[in-house]
Amino acid sequence: MNWFSKMFASSIGQKLILALTGLFLCTFLVVHVIGNLQLFKNDNGLAFNLYSVFMTTNPLIKTVSYLLYFSILFHAFKGLQLAYKNKIARPVGYAVINGKANSHWTSRSMGVLGTIILVFIVVHMSDFWYEYKFGNIPYAKYTENMSTGEVKFERYLSEAGEPLTINSKKEEYVEGNNKIIIVKDLYEEVSEEFENPFLVMVYILAMFAIGFHLFHGFQSGFQSIGLNHPRYSPAIKFLGLWVFSILVPALFAAMPIYFLLIK
Amino acid sequence: MSGNMNLTLKVWRQKNKSDKGRFETYPVQDISPDMSFLEMFDVLNEKLINDGKEPVAFDHDCREGICGMCSMFINGRPHGPLQGVTTCQLHMRSFKTGDTIVVEPWRAKAFPVIKDLAVDRSAFDRIIASGGFISVNTGNAQDANATPIGKDDADASFAAAMCIGCGACVAACKNASAMLFVSAKISQFALLPQGQPERNQRVLNMVAQMDAEGFGSCTNTGACEAECPKGISLSNIARMNRDFIGAQLSSQKV
């Protein structure tokens, strides 16, 4: 083994992998939640649908998204592998163990919480990511009056009421005084999905899992990299609690609730 | 005497390394609240010897909280219910009459049970031997103030050097990780000028030995810090992590 693989094969190196991929996934969550806030816009999904096209066609974002898929898989794989290795470091367990006397339950449940999140990611990606890429998502037609700025929304249908498609995710042209945008209507897909109360429950529970996972995981990632400092660590813990374990999951959870109850 | 206690002990008994082991239940009577936990075990062992039975093997030495030998996992916690003490500093007043107390050995692949409650902690010795020292020439000690050391660094180094190598960190950790111990032994030198010449090689060697011994890896639960009788800080683990990463990245060896 050369030094590079030796470094990452060591116990500290394994933790380094988990920390780096984990913190990268945290930055993704922030981008994801900010982008998805456009779901709350009362514009029949125009902003959200255009954003979806941008996120799936921009070459830079596409490159980062492959890094993201890899990070999710690698983080999950390494996490489970490490959980197994750590299990066999204690072949005979204790008859009585009082874990709550010395540690927070989230820190002792990262494997379970992570597995719940992994299952959720599979469900979530087959719901939206797969549907958007390979499924039959209807198109929406937005007609913007360029002098008044008023936008008219309609489904993109033939005269007979059959759904029409185009060969790309988006088409934009000017017709007289109107700008016409025809775009894949992921917004419609989202609002349909979240009419199902069971699915909304699944999403909310998954956000609890993410919140608890990041309550420990965010600050733990910094410790694994070796960043523990009396000046900065309190700020890292603050961010981990209020942003990553409360604000981000709460905003995500608000989206299905909004579609189920308000929309 | 009034105030004395009657207790039930569930103690792990195991003949040798290869024996499977099991719990035995022993009633102990008339235990003074002022006895230490180890003295209570002495009373139990006297009785077992008088009854012609094998006494419970347990490690102990100084009985004043500095040798680190008294490894007992008591009611689900290393060294029992108090914080910042070893088993010899735990007194029976922390329990009440009628209590059942479960006593187990440290559990870790790297700490095999020798007999009953005594475990083999020589894995720690091998980690120290792999680099937990500074190489100095013999001869007269140099003048005490010849090498200036900042107060903060000296304090942090002393705090790390408080580690008595008892293994409570390993015992408490859900992963049986030895990182608090190893990081304390690395930090006590990493913070001092005398530790600098061998700093990189030390962390590489000691971490390699730690991994070879079969300890788990750290998931930052903080259980070790909470259970450490000497209050060794988790910040030492962060220092070890960054020293290790830095040493790996900057080493000239290919």
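A note on names: the letters A, B, ... follow the listed sequences, proteins ahead of strands, and every chain is numbered from 1.
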Note to self: Counting only non-hydrogen atoms closer than 4.5 Å, does A:S224 touch chain B with its backbone (N, CA, C, O), its side chain (CB onward), both, or neither?
What the structure shows: both

Notebook entry, point to check: With a 4.5 angstrom heavy-atom cut-off, which part of A:I88 approaches chain B: side chain, backbone, both or neither?
Noted result: backbone

Next item on the list: Among the options A:P230, A:G99, A:A83, A:S10, pick out the one with the most heavy-atom pairs lying under 4.5 Å from chain B.
Entry: A:S10

Check: Just how far is it from atom NZ of A:K6 to atom CG of B:L204, taken to the nearest 0.5 Å?
Finding: 9.5 Å

Next item on the list: Just give me the residue among B:F73, B:F23, B:F111, B:W12 that pairs up with chain A most often, heavy atom to heavy atom, under 4.5 Å.
Entry: B:F73

Notebook entry, point to check: Side chain, backbone, both or neither: which part of A:I12 has an atom under 4.5 Å from a heavy atom of chain B?
Noted result: both

Margin query: Between A:R90 (side chain only) and B:A171 (backbone N and O only), is there a donor and an acceptor less than 3.5 Å apart?
Written below: yes

Item checked: B:C224, part contacting chain A, at a heavy-atom distance under 4.5 Å -> neither

Check: Just by modelled atom types, is the A:N102 backbone N or O under 3.5 Å from a matching donor or acceptor in the B:E227 side chain?
Finding: no

Check: Side chains of B:Q248 and A:W3: does their closest heavy-atom pair fall under 4.5 Å?
Finding: yes

Next item on the list: Pick whichever of A:S233, A:A89, A:A101, A:S107 has the most heavy-atom pairs under 4.5 Å with chain B.
Entry: A:A89

Notebook entry, point to check: Of the backbone (N, CA, C, O) and the side chain (C-beta and beyond), which part of B:F244 lies under 4.5 Å from a heavy atom of chain A, both, or neither?
Noted result: side chain

Next item on the list: Taking the side chain as every heavy atom from C-beta outward, state whether A:L16 and B:I245 have any atom pair closer than 4.5 Å.
Entry: yes

Item checked: A:S11 and B:D211: CA distance, side-chain angles, deciding distance, side chain to side chain donor-acceptor pair (under 3.5 Å) verdict -> CA-CA 7 Å; A:S11 52; B:D211 289 349; 2.6 Å; yes

Note to self: Counting only non-hydrogen atoms closer than 4.5 Å, does A:Q14 touch chain B with its backbone (N, CA, C, O), its side chain (CB onward), both, or neither?
What the structure shows: neither

Check: With distance as the sole criterion, is a donor-acceptor pair present between the side chains of B:S217 and A:N86 under 3.5 Å?
Finding: yes

Next item on the list: Starting at CG of B:N220, measure out to CG of A:L18 and round the result to the nearest 0.5 Å.
Entry: 10.5 Å

Note to self: Counting heavy-atom pairs closer than 4.5 Å to chain A, which one of B:S251, B:A238, B:A226 comes out on top?
What the structure shows: B:A238

Margin query: Using the side chain to side chain contact (heavy atoms under 4.5 Å, CB included) definition, which of the options B:I237, B:N241, B:T219 pairs with A:K15?
Written below: B:T219

Note to self: Does A:K87, at its NZ atom, have more than 12 non-hydrogen atoms belonging to other residues, nucleotides or ligands within less than 6.0 Å?
What the structure shows: no

Next item on the list: Take atom OH of A:Y69 as the centre, draw a 6.0 Å sphere, and report whether it contains more than 12 heavy atoms from other residues, nucleotides or ligands.
Entry: yes

Next item on the list: Using modelled atom types only, decide if a donor and an acceptor are shared between the side chain of A:Q223 and the backbone of B:L234 within a distance under 3.5 Å.
Entry: yes

Note to self: Please classify the contact of B:P81 with chain A as side chain, backbone, both or neither, using a heavy-atom distance under 4.5 Å.
What the structure shows: neither

Next item on the list: Please check if the side chain of A:Y94 supplies one atom and the backbone of B:E104 the other of a donor-acceptor pair under 3.5 Å.
Entry: no

Notebook entry, point to check: With side chains defined as the heavy atoms from C-beta onward, is the minimum distance between B:L249 and A:M7 less than 4.5 Å?
Noted result: yes

Next item on the list: Could you tell me whether A:K41 atom NZ has more than 12 heavy atoms of other residues or ligands within 6.0 Å of it?
Entry: no

